[in-house]
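Everything below concerns the one structure shown next.
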Amino acid sequence: MTKLAAKNHIVGLKCKECARRYPETALHVCEFCFGPLEVEYDYEVICQRASRKAIEAGPRSMWRYKDFLPVQPDDQLVDIGAGLTPLVRSKNLAEALGLDQLYLKNDCVNPTYSFKDRPVSVAATKALEFGFEILSCASTGNLAGAVAAHAARAGVRSFIFVPSNLEAGKILGAAIYDPVLVAVDGNYDQVNRLCSEIADRYHWAFVNINMRPYYAEGSKTLAFEVAEQLGWRAPDHVVVPVASGSMFTKIWKGFQELAKTELLPERLPRMSVAQALGCSPIATAYFNGTFNVKPVIPDTIAKSLAIGNPADGYYDLKIIEESGGAAETATDEEIVDGIKLLAQTEGIFAETAGGVTIACLKKLIASGKVRRDELVVAYITGNGLKTQEAVADQVAPAIQVGPTLTSFEEAFCKLDHPANVAAVA
Ligand SMILES: *Cc1c(COP(=O)(O)O)cnc(C)c1O
Ligand SMILES: [Zn+2]
């Protein structure tokens, strides 16, 4: 090995606005300009270590990309198996939407059933490295379960703050790991503001506040995996559901890093934002041709995306412009239709955020922003069993029968269903 192999691949933290540098600590805003801090790497070191072959031989989780993540070689990884989720080649949905090549990144199947396990696995690892004994977060729902589960695995306590109107599946999906669950009478933006104050006063690792620079990096693996699963190429166009905008910036950063380290050719994907109409501050700015994101008060069934004041909105708009992407919105009705369409064409039951992605993809194709000949990846980021309320009244009830053949056939005859017609004929 060369001397470089012993060097640290992490330079430290760097302000995205004024480029001031900070040491690797639990800090997320620049003390001079209040800009967000981001992890800075030495790509020469990463280049020396990372290769397609080494990655392919790595663990069957997001940690196969450890060389690109902000952890130290001797860190105890808090790993419950996040990542390396299926990239499904869509046939039926592609045909229904009129696309030649559509792939679905199915992140519904992570350990706590959303992509949030990726950023939290990094944040929890880093929290242990820094010596924190409490893991915490302000959550729109999915983060709650991911933080509580990783805290359980790490053997530390967790304090989870959620808006009190959260879906039942998300509350239970967090409570089962025995966190201190705090339901705040307010929307996410109010929960987040409260948590910022708590983070100032208590020495806790808030994964999406003081640990945010490290947390956010975990979402890069959504780009890495897609590139690897496509046989080391970038898609032409990706569609991403957006709340705070963090994941969107990191999927972009992930593809850029693969190009920078020569694991991918230079060509990067076009990046498009999918938002719920009832909470669409970024898409609205895009439609108005401005980079000035105006906060809104959310009103949508896509609660996991209900962030009215998105921290990374400005950067998302810059990426849309730089990559040649677009933004689109989906009404509550379109979200439900999107969930059903995905389930009934591909057998993937996504939560409302997935409905947003599919509904927006459909509209982006209709408006010509996504071209039919592009290789498209749609990110499906959370599991439908967590938002059952959204579709509970949309599915056919079970047919009630007694435990006899006669009873079944009586009911079967009355069925107004193509299978019945075929069977009788
Ligand atoms: C949190 C979340 C998002 C959005 O993530 P941001 O990084 O805040 O934009 C998308 N989908 C699901 C299912 C989520 O839970
Ligand atoms: Zn700064």
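Computation of the quantities below employed the complete heavy-atom set of this structure, encompassing side-chain atoms and omitting hydrogens, waters and symmetry-equivalent molecules. We count ligands from 1, going down the list as the structure has it; atoms in each ligand are counted the same way.
Of the N and O atoms on the side chains of Q48 and Y43, not one donor lies less than 3.5 Å from an acceptor on the other residue. S304 and E351 form a side-chain donor-acceptor contact under 3.5 Å, judged by distance and modelled atom types alone. K105 and Q229 form a side-chain donor-acceptor contact under 3.5 Å, judged by distance and modelled atom types alone. Checked by atom type, the side-chain pair R118/T221 shows a donor-acceptor distance below 3.5 Å.
Taken from CH2 in W252 to CD in E322, the straight-line distance is 5.0 Å, to the nearest 0.5 Å. Taking CG of L143 as the start and NE2 of H150 as the end, the distance is 10.5 Å to the nearest 0.5 Å.
Near S244, the atoms of ligand 1 lying under 4.0 angstrom from a non-hydrogen atom of the residue are 6 (P), 7 (O), 8 (O), 9 (O). Close approach of ligand 1 to E351 (heavy-atom distance below 4.0 Å) involves ligand atoms 13 (C). Near G245, with a cut-off below 4.0 Å to any heavy atom, the atoms of ligand 1 are 6 (P), 8 (O), 9 (O).
In this structure, K318 is positioned above the aromatic face of F291, its NZ or CZ under 6.0 Å from the six-membered ring centre and within 45° of the axis. By the 6.0 Å and 45° rule, K14 does not stack over the aromatic ring of Y22.
Not a single heavy atom of Y379 sits under 4.0 Å from any atom of ligand 1. By the 4.0 Å heavy-atom criterion, S114 is excluded from the residues contacting ligand 1.
At least one N or O atom of M247, backbone or side chain, sits closer than 3.5 Å to an N or O atom of ligand 1. The shortest N or O to N or O distance between N142 and ligand 1 is below 3.5 Å.
Surrounding OH of Y202 are at most 12 heavy atoms belonging to other residues, nucleotides or ligands under 6.0 Å away.
Angle subtended at the Zn ion (ligand 2) by C18 SG and C15 SG: 110°, rounded to 10 degrees. With the Zn ion (ligand 2) as the vertex, SG (C30) and SG (C33) define an angle of 110°, rounded to 10°.
Regarding atom 5 (O) of ligand 1, its nearest protein heavy-atom neighbour is F115 CZ, 3.7 Å. Scanning the protein heavy atoms around atom 11 (N) of ligand 1, the nearest turns out to be T381 OG1, 2.7 Å. Looking at atom 10 (C) of ligand 1, its nearest protein heavy atom turns out to be L305 CD2, 3.3 Å. Nearest non-hydrogen protein atom to atom 2 (C) of ligand 1 is K116 NZ, 2.4 Å.
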